[in-house]
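Following: one structure in structure tokens, then a few remarks.
Note that the structure is predicted; figures quoted are calculated from it, not measured. Every number for a ligand or one of its atoms is a count from 1 in the order of the listing.
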Amino acid sequence: MSTIVKLHKGSEKSLLRRHPWIFSGAVADVSGHPEPGETVDVIDSSGCWLARGGYSPTSKIRIRVWTFDPAEEPGFDLFIKRLNCALDWRRKFGLLDGTTAFRWINGEADGFPGLIVDRYGEFAVCQFLSAAADIWKEAIVTAIRTVASPAGIFERSDSDIRKLEGLRLRTGCLDGDEPPDRLEIREAGIRFLVDIRAGHKTGFYLDQRINRFRVARYARDANVLNCFSYTGGFGAAALTAGARHVTHVDSSFPAMELAVKTMELNNLRADRFSVETTDVFGALRNYRDLGRRFDMIVLDPPKFAESRRQVPDAVRAYKDINLAAMHLLNPGGILATFSCSGAMDRSTFHQTIAFAAKDAGRDALIMESLEQCPDHPYSTAFPEGFYLKGMVLRV
Ligand code: SAH
């Protein structure tokens, strides 16, 4: 018989709304001592069955729900079903068109709590971010192989989130071939090089895929400043769409090295781009002092707020860079600005940009509001899944 976890009276409410996390404070009683990741049955204070999930003894998120259906349980068959479902709808709705890289499994949204699976050409890259997912690693890897037979399956479980779940960080090959040091992918005809082993996240910012091309539509003939460029994604898209010149700025040497290689791979001539491996905050001040101006600026910074507590400081940092960017834009220029801080809600981000425009003495018109790419969906019952906000402004 499986372990039963009984909730405090009233704590079942979020589960009834299908929120997939149960916090430690909601737990009234546990029958036995479940291992990290072990599947448990959750009941309410009157004994009614609610859900089945993976237990994590150390995490504040004590249980991650696998299913609200008593007939279902985690295991190879369910994994096959959910992997197929996630692939089918992405294919049906065109999310696999024109790209060789996409997010296949986006955690809770695709029925795999704490699991990310990204596809890069012939390879699959996984992040096991919860004890619930980690305990099923072998079955999940076998299921991925069964559904897609990739050349290799690589693990990038090197996110600090694992520490909260009492798990050690781990990277390495899980199945099949070792990935090459640099793997080539294609997005809308543009070739990108991805470092699966050591690049950020699983190697590439797939969440910005559609946004790269949405933003590029405004780039014709523009002199573009691509801040926090990573390996050059927004810049390559802008140049391909007819930008005159792109200046990439990022503090990461390996990212800039790949950015240059990416430009070359796409036959973008050296006089159409430059790279500056430096801090963006300093670079923006420097450009102002030098009187440099741009027609388009992309601001895609890293997460400034890890938690709600850090939002006030993050607001100041977002305002700083957006204000500085607005000063550098020619009249009528385009600012494409993003926040990937999940702790910061959309209206706080909008307000921050509004304050920046006010201080810059510029009218900023929102032309487009952007979000994470649709292969990174989130449930209406699980707002925690929403993190990437962006807008295209005419300033
Ligand atoms: N726009 C990119 C993703 C950007 S991720 C794309 O589409 O692929 C954020 C980037 O900011 C990372 O590459 C990181 O190296 C860089 N970064 C973080 N802090 C920085 C700073 N203070 N100055 C410059 N770059 C920074």
Distances only, to 0.1 Å: what are the N or O pairs between ligand 1 and the protein that fall under 3.5 Å?
from	atom 1	to	atom 2	distance (Å)
ligand 1	1 (N)	Phe228	O	3.2
ligand 1	1 (N)	Asp300	OD2	2.6
ligand 1	7 (O)	Arg212	NH1	2.9
ligand 1	13 (O)	Asp250	OD1	3.4
ligand 1	13 (O)	Asp250	OD2	2.7
ligand 1	15 (O)	Asp250	OD1	2.7
ligand 1	22 (N)	Asp279	OD1	2.7
ligand 1	23 (N)	Asp279	OD1	3.4
ligand 1	23 (N)	Val280	N	2.9
ligand 1	25 (N)	Ser251	N	3.1
ligand 1	25 (N)	Ser251	OG	3.2

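- Aromatic pair Phe382/His19: ring centres closer than 6.0 Å.
- For residues 385-395, every residue pair satisfying the side-chain hydrogen bond (donor to acceptor under 3.5 Å, both in side chains) rule, not counting sequence neighbours, is listed here: Asp207-Tyr387.
- Contact annotation: the side chain of Arg119 never approaches that of Arg90 to less than 4.5 Å [non-hydrogen atoms, C-beta and beyond].
- Legend: residues meeting side-chain contact (heavy atoms from CB on, under 4.5 Å) with Asp69, ordered by chain and number and at least two apart, are Thr67, Ala71, Glu72.
- Looking at heavy atoms from C-beta onward, Thr247 lies in side-chain contact with Arg292 at the 4.5 angstrom threshold.
- Judged as a ring-ring contact (aromatic ring centres under 6.0 Å, His included), and not counting sequence neighbours, the contacts of Tyr287 are Phe294.
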